[in-house]
Amino acid sequence: IFSKSQFLYRGFSGFNKAFSNAYSPSYIKNMTKSGFDASTKSTMLYWLFLISCILVFAILFLVDIFRMIGVNEAFWICAKYSPFYAVNIVITSYALMYGNNILISEKTYLFTVRSITCGVINIVANLLLIPRLGISGAIIATLISGFAFFIIEYYFSEKLLLYKTDVKLWIYFLIIAILLTIYLFVYFDILISPYFRVAIMISYLSFLFLVDHYLSDDFIANRILKMVKVRI
């Protein structure tokens, strides 16, 4: 079940890698030349919005999708575990800029330190949690090592190398908390009604819209309106 539940995680990993390959070169170029990249805050904010929206949809409706497309009932349990495992990508994706900062500094040995530390944390967490929680324990261990990955890269970039990356960390942690809360409600069958789940999805989109309105320097709705006016 654990192996089969990794399909969403693998898809998100490929998605995140594609974004990193597209975004990182311009970020590294701008940071190397001027020590500043004006698009960092809005780009990472919208990336966080996008992958979190997809994940909220998966948490709320993946079991129903499995049922609709005729997936064998024995595999429906994977639709419950898979979004939980994929939360790790949301956790680690926001560390992209910090990893790029380490590359720019040319102190790449810090990646080795990060990898060894996260590996040890993951092994210890697995040994402690799997006997007690089974598959959930393995996934929680992965999330713990994911948070360690983020914190270590943040520390190296912002505290050790003294970069000042312009991102909103509080909204990142708030979104992670919301994702985990929604997942727990679904996992324990508290969000049973499909209408209630649709309401949760709409509420989450509205929340992101408000965050964008108050935090983004280039409100996405304004850009959409500009595009429409240009076409007209």
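Using a 4.5 Å cut-off on side-chain heavy atoms (C-beta onward), L96 and F19 make contact. The side-chain heavy atoms of D189 and K80, taken from C-beta on, include a pair separated by under 4.5 Å. Between P194 and V198 the shortest side-chain heavy-atom distance does not fall below 4.5 Å.
Under the 30°/60° scheme for interplanar angles, the aromatic rings of Y172 and Y94 are found to lie parallel. Ring geometry for F49 versus Y46: interplanar angle over 60°, hence perpendicular rather than tilted (30 to 60°). A parallel orientation is assigned to the rings of Y183 and F84, their planes being inclined by less than 30° (bins at 30° and 60°). The aromatic rings of Y154 and Y98 stand perpendicular to each other, their planes meeting at an angle above 60°, with 30° marking the opposite boundary. Note: Y27 and Y23 have tilted aromatic rings, judged against thresholds of 30 and 60 degrees for the angle between ring planes.
Two rings, from W47 and F15, have their centers less than 6.0 Å apart.
Listed for the S115 side chain is no donor-acceptor partner under 3.5 Å among the backbone atoms of T112. Counting only distance, with no hydrogens or angles, the side chain of N16 and the backbone of F12 share no donor-acceptor pair below 3.5 Å. With hydrogens and angles disregarded, no donor-acceptor distance shorter than 3.5 Å links the side chain of S20 to the backbone of K17.
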Stepwise side chain to side chain contact (heavy atoms under 4.5 Å, CB included) check, S136 with Y81: CA-CA 8 Å; S136 295; Y81 285 118; 3.5 Å; yes

Worked check of side chain to side chain contact (heavy atoms under 4.5 Å, CB included) between S82 and Y9: CA-CA 7 Å; S82 187; Y9 172 83; 6.0 Å; no

Residue pair I104, Y163: steps toward the side chain to side chain contact (heavy atoms under 4.5 Å, CB included) verdict: CA-CA 10 Å; I104 294 167; Y163 286 95; 3.5 Å; yes

I77 vs I135, side chain to side chain contact (heavy atoms under 4.5 Å, CB included): CA-CA, chis, key distance, verdict: CA-CA 11 Å; I77 188 63; I135 293 171; over 6 Å; no

Verdict with reasoning, S24 to N100, per side-chain hydrogen bond (donor to acceptor under 3.5 Å, both in side chains): CA-CA 7 Å; S24 294; N100 285 333; 3.2 Å; yes

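Pairing each heavy atom of S93 with each of I51, the nearest pair is OG-CD1, 3.3 Å. Contact record, F150 with I91: CD1-O, 3.9 Å, taken as the closest heavy-atom pair. Here the closest non-hydrogen pair linking A138 and N126 is CA-OD1, 3.6 Å. When all heavy atoms of N88 and G146 are compared, the pair lying nearest together is OD1-CA, 3.2 Å.
There is no path of hydrophobic side-chain contacts, each under 4.5 Å, that joins M31 to L162. Note: the hydrophobic cluster containing I121 does not contain F149 (ILVMFWY, side chain heavy atoms under 4.5 Å, direct or indirect links). In the hydrophobic clustering of this structure, L174 groups with V167; members are Ile, Leu, Val, Met, Phe, Trp, Tyr whose side-chain heavy atoms approach within less than 4.5 Å, directly or through other members. L103 and Y109 fall within the same hydrophobic cluster, defined by Ile, Leu, Val, Met, Phe, Trp and Tyr side-chain heavy atoms under 4.5 Å apart, directly or through other members. Transitive grouping of hydrophobic side chains (ILVMFWY, heavy atoms separated by less than 4.5 Å) keeps I123 and I144 in distinct clusters.
Surrounding CZ of F2 are more than 12 heavy atoms belonging to other residues, nucleotides or ligands, all under 6.0 Å away. Residue F185 places its CZ atom among 12 or fewer non-hydrogen atoms of other residues, nucleotides or ligands, all under 6.0 Å distant. For Y155, the OH atom counts as loosely surrounded, since its 6.0 Å shell holds 12 or fewer non-hydrogen atoms of other residues, nucleotides or ligands. Counted within 6.0 Å of CZ on F173, heavy atoms from surrounding residues, nucleotides or ligands total more than 12; the atom is thus considered enclosed.
The structure places CG of L208 at 11.0 Å from OG of S203, a figure rounded to the nearest 0.5 Å. Annotation: the span from S145 atom OG to I152 atom CD1 amounts to 9.5 Å, rounded to 0.5 Å. We find the CG-CD1 distance between L161 and I102 to be 6.5 Å, quoted to the nearest 0.5 Å. With rounding to the nearest 0.5 Å, the separation of OH in Y204 from CD1 in I178 is 6.0 Å. In this structure, the separation between CD1 on I1 and SG on C78 is 6.0 Å, given to the nearest 0.5 Å. The line from CD of Q6 to OH of Y85 is 4.5 Å long, rounded to the nearest 0.5 Å.
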Per-pair distances, 0.1 Å, donor-acceptor, side chain in residues 59-68, under 3.5 Å, sequence neighbours excluded:
| unit_1 | atom_1 | unit_2 | atom_2 | d |
| --- | --- | --- | --- | --- |
| D64 | OD1 | R67 | NH1 | 3.1 |
| D64 | OD2 | R197 | NH1 | 2.3 |

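The only option from L127, N122, L128 that meets the side-chain contact (heavy atoms from CB on, under 4.5 Å) definition with V124 turns out to be L128.
Between T165 and E158, the side chains place a donor N or O and an acceptor N or O closer than 3.5 Å (distance only, hydrogens not considered).
Listed by chain and number, the residues in a side chain to side chain contact (heavy atoms under 4.5 Å, CB included) with F188 are L184, I190 (sequence neighbours excluded).
With salt bridges taken as basic N to acidic carboxylate O contacts below 4.0 Å, one links E153 and R114.
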